[in-house]
Amino acid sequence: MDFFHDLIFDYTVRTVSLGTILIGATSGVLGSFAVLRRQSLLGDAVSHCALPGVALAFLLTGRKDLMVLLTGAGLTGWLGAQLVTQIDKRTRIAYDGALGLVLAVFFGFGLVVLTFIQKMPNASQAGLDKFLFGQAATMLERDVITIAVLGAVAMILTGLFWKEWKLISFDPEYAQGLGWRVSMLDASLMSCLVLAVVLGLQSVGVVLMSAMIVAPAAAARQWTDRLAPMVAIAAAIGAISGLSGAWVSAETARMPTGPAIVLVAAAAVVLSLAFGSSRGLVWTWIRIRQRRSGVRVEQLLLAFFNLANQHEDPFEPRELALVKIVDMGRVERDDLLGLLEARGWLVRVGASHWALTETGIEIARSLEERRARIAREP
Amino acid sequence: MTPQLEIQLIAVVTAAACAIPGTFLVLRRMAMLTDAISHSILPGIVIAFFITHDLASPLLVVAAAVMGVITVWLVESIFQTGNLRQDAAIGLVFPALFSIGVILIAQHAGHVHLDLDAVLMGELAFAPFDRMIIAGTDVGPKSLWVMTAILLLNIAVITAFYKELTIAAFDQGLASLLGIRPTLIHYSFMALVSITVVGAFDAVGSILVIALFIAPPATAWLFTDRLAVMIGAGTGIGAAAAILGYQMAHALDASISGSMATVAGILFAVGFLIAPEYGVVAKWHRRREQMLRARIRMLVVHLLHHETKDLRDEERWVSTLHQHLTWDADVTRRTVYEARAAGLVQIDDGDLRLTDTGLEKARLAMTEF
Amino acid sequence: MTIGHPHVPSAETAIHIEDLTVAYQEQPVLWDIDLDVPPGILMAIVGPNGAGKTTLIRTLLGLIKPLAGHVYIFGRKIDEQRGLVGYVPQRSGLDWDFPVNVLDVVMMGSYGALGLIRRPGKAERLQALEALERVGMEAFAGRHIGRLSGGQQQRVLIARALVQDANVYLMDEPFQGVDAVTERAIVALLKDMRAAGKTVVVVHHDLQTVPEYFDQVALLNVRCIAAGPVATVFTEERLRATYGGRTAFIPGLGVSHSNE
């Protein structure tokens, strides 16, 4: 396909794709910890808090290269996260209130600085806008290198502090009991999360960033009950979402990259919720149906049995139309007839007649007995 | 009325309209739903726009209300599957819906100025230019009329259902018992929030909407325990943020919405620090007081049980108390002198001993446990 | 109550608590606690709700800073003795939906000895499996912790502490909500630990089983009403002083009480 050819040979496609893949993977990894620690919306807050940092970085340095802007974003993002924690801890305002307050105020302040910059004689806002809406399409190769390096730093830290982060997320008091400085470990995790968010802003922008933190992790959780596989799957889903989004955006006219990536990630969550190993909704539904159809099979068999008992010869083929079960549709009935035939309890005779077999009668009899016994029990 | 005045008036009315439902959202720990709804209504608005081709059509408000309810329902449904927590569900649903909206715009509405910038940031500066014409007469900026209507709607709904809302908010069990359907109230309330959000962000942009929903009520909560007062104070604080924010924007020649949000934040910061009972400084003082009083109590009890020969002079009693109670020298001295100021201990020639009052207090403390 | 100088804490006393006061706001949660726990015994801490039992455990661990007083573990402060103290927290405080299995949780007990960054290896895994065997849960090593019963969860938490190979174990209500079989198993394990010379301090909620399970008991209600061997300390009078309500203590048959 065109895209995969371009992936190798076309500078823009290659760059954008690489960038979104790396960002997706990093968000997936750090997002896993955020979601498990019930800090899902912290990604949203940090992404909004990053705006004034980007604007101020430009205002103070006059430079628009990625590292400068990312540093500014990281600093205000981190500051915002700290404020959220402080407000939550020290006042009666709950965590969600602190999140909303900090994100709106910081973002508003960011707008002030942005519009202030706009008035300056030779400043152009263009480069700063891309943090707002995530214009992945304008990524440059050196940007991707920056992303790769910083992303690698986050991953390495995750690897180094794996057991530490695992324990403080599961049982911080026990960790303290072991003598660990939990607040410092917390801060290291928070910093990496801020890093992941700030990197991600370029691909999906401020508003959509929360999805990149939440979706891969939420999807991954449906497939495994252990942390390492979850983080790995989240990274993979994040990366694939990034790539797919870039692909869809490249192949479709007037399709912005950020939203495309987010919708792929959201689809991954929906699929995972539906089909994820054993917890998946589809399997649950099927299990319910199976239990139900077990009862239905019995019902159908007993209906035949009752009919047979009203006549002298129990093996005489009955016309199907005479066998009635309340609210069983034709499709289900035919399905269940096939099931009974396969089990050897019924046999088809001619176009529309069915007869019980010996096995069928035996089974039906024992079913009846069991039901009678259950009915007698207090 | 001058444009400047009109802008501020619109902002004040908007602040009031947002503070009312905002108070309930903050108290019920659903503040982030504001963020969610303010973004997720986008596809509804876009679709309504495709139908009417009229940015001013009331269908947009209806569509927004519907989207708001859908958003809340989606979040609830995902949460009910038992496989995802509520905050994760929110963080997923609104970006997905917003993405759909953005894609719809990019695909179909490129030629119409449905400007994302305006959606996010809103430009109050232009509000005075969009007039409401009734029967050929200019009766003022349209936003003012819309927001006033929404404000009155909020007042009406909250007043009419005040009891039901508060009970449904704080005690769902009781609500069902009384025949109030909490779910119905919840969704109706969310519809109200959505209507308020869409009205407001046409005027001020989605970010200021979030700020106005959350910051003034949160600030008010730091000053009062009573719901009615909290709503009133929230409105006042929001109005103050609006007016002061405008002044700031004027001075800096910067974004009006952004400035108002910033000032709302500053007002919260002030409350955070200085609120008399729930502010951080007050709490810190209280805690120091409490610790001091607890230590004085410990001191007198300790003196009750220990021989005076260890307490002959300051150096000795400082070191003895340090050994027994692990208080360092500064803390010990401070506690002792405070106790003396309270008349509970006395120092004769350097000897530390209990006064009669102190003795009584010590005995009392012993019986308390 | 100490009269005279505080003595230098003996390195042989497992836990030495002196003048311990912990306050929350102005209210004392623990007031002037003096308690000595000799090594190699099983001690129960009992008292009404809000009496400070959990607070005491958490203070012993160094999780809470006291307003006054000292805590010594074998003659040293807790910060110097981390390796010697094992902790089994209340089950209810944990997220049992967290994506870890039984073995993962038990291996966390080895994290303290590993220090920062070092990964657990074969040796740690073996230790964890051994600990699981001691609590009878080795067959569940691969099971997700959310699919365990209350009793099984409790055993996993105990196994985690066992991995630490500590000298002193602090357990917070380990018998709460646990089935009878598990309860017997845990008691047997505690007695084994005591035989091995370990000191186990348990916040216990069931007065009836105190004489049967424990050597010593501390009666706590903000103050330490009494502490020492069960036979001498666990009397009706003392219980009444602790619980403040009417206590019917029938020797040999158990205790029932009602709080006011």
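Below, chain A is the first sequence line, B the second, and so on; all start at residue 1.
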Summary of side-chain hydrogen bond (donor to acceptor under 3.5 Å, both in side chains) pairs that have at least one residue in residues 113-127 of chain C, sequence neighbours excluded: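 Applying side-chain hydrogen bond (donor to acceptor under 3.5 Å, both in side chains) to every pair that reaches into residues 113-127 of chain C, excluding sequence neighbours, yields nothing.
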
Residues of residues 131-155 of chain C contacting chain A, heavy-atom criterion under 4.5 Å, by residue number: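 Counting heavy atoms that sit under 4.5 Å from chain A, the residues of residues 131-155 of chain C involved are C/His144, C/Ile145, C/Arg147.
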
Can you pull out the residues in residues 88-103 of chain C with any heavy atom less than 4.5 Å from chain A?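 Expected list: C/Pro89, C/Leu94, C/Asp95, C/Asp97, C/Phe98, C/Pro99, C/Val100, C/Asn101.
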
For chain A, which candidate among C/Val85, C/Leu170, C/Leu63, C/Ile78 shows the most heavy-atom pairs at distances under 4.5 Å? C/Leu63

Do you know which of [options] has the most heavy-atom pairs with chain C at a distance under 4.5 angstrom?
{"options": "A/Lys166, A/Arg221, A/Met230, A/Arg38", "value": "A/Arg221"}
{"options": "A/Leu160, A/Asp225, A/Leu178", "value": "A/Asp225"}
{"options": "A/Gly159, A/Gly177, A/Ala175", "value": "A/Gly177"}

Close side-chain approach of C/Leu116 to A/Glu164, heavy-atom, < 4.5 Å: yes

For the residue pair A/Lys163 and C/Ile117, establish whether any side-chain heavy-atom pair is separated by less than 4.5 Å.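 No, their side chains stay 4.5 Å or more apart.
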
Looking at A/Trp180, I want to see if its CH2 is surrounded by more than 12 non-hydrogen atoms of other residues, nucleotides or ligands under 6.0 Å.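 Counting other residues, nucleotides and ligands, CH2 of A/Trp180 exceeds 12 neighbours.
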
Can you run down the salt bridge (charged side-chain N to carboxylate O under 4.0 Å, His left out) pairs that involve residues 168-182 of chain A, sequence neighbours left out, and say none if there aren't any?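 Qualifying pairs, neighbours excluded: A/Asp171-C/Arg160, A/Glu173-C/Arg58.
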
From C/Gln164 atom CD to A/Tyr174 atom OH, the distance as rounded to the nearest 0.5 Å: 3.5 Å

Compare every heavy atom of C/Met108 with every heavy atom of A/Leu167, then report the nearest pair and how far apart it is. CD1-SD, 3.4 Å

At a 4.5 Å cut-off on heavy atoms, which part of A/Phe161 comes close to chain C: side chain, backbone, both, or neither? side chain

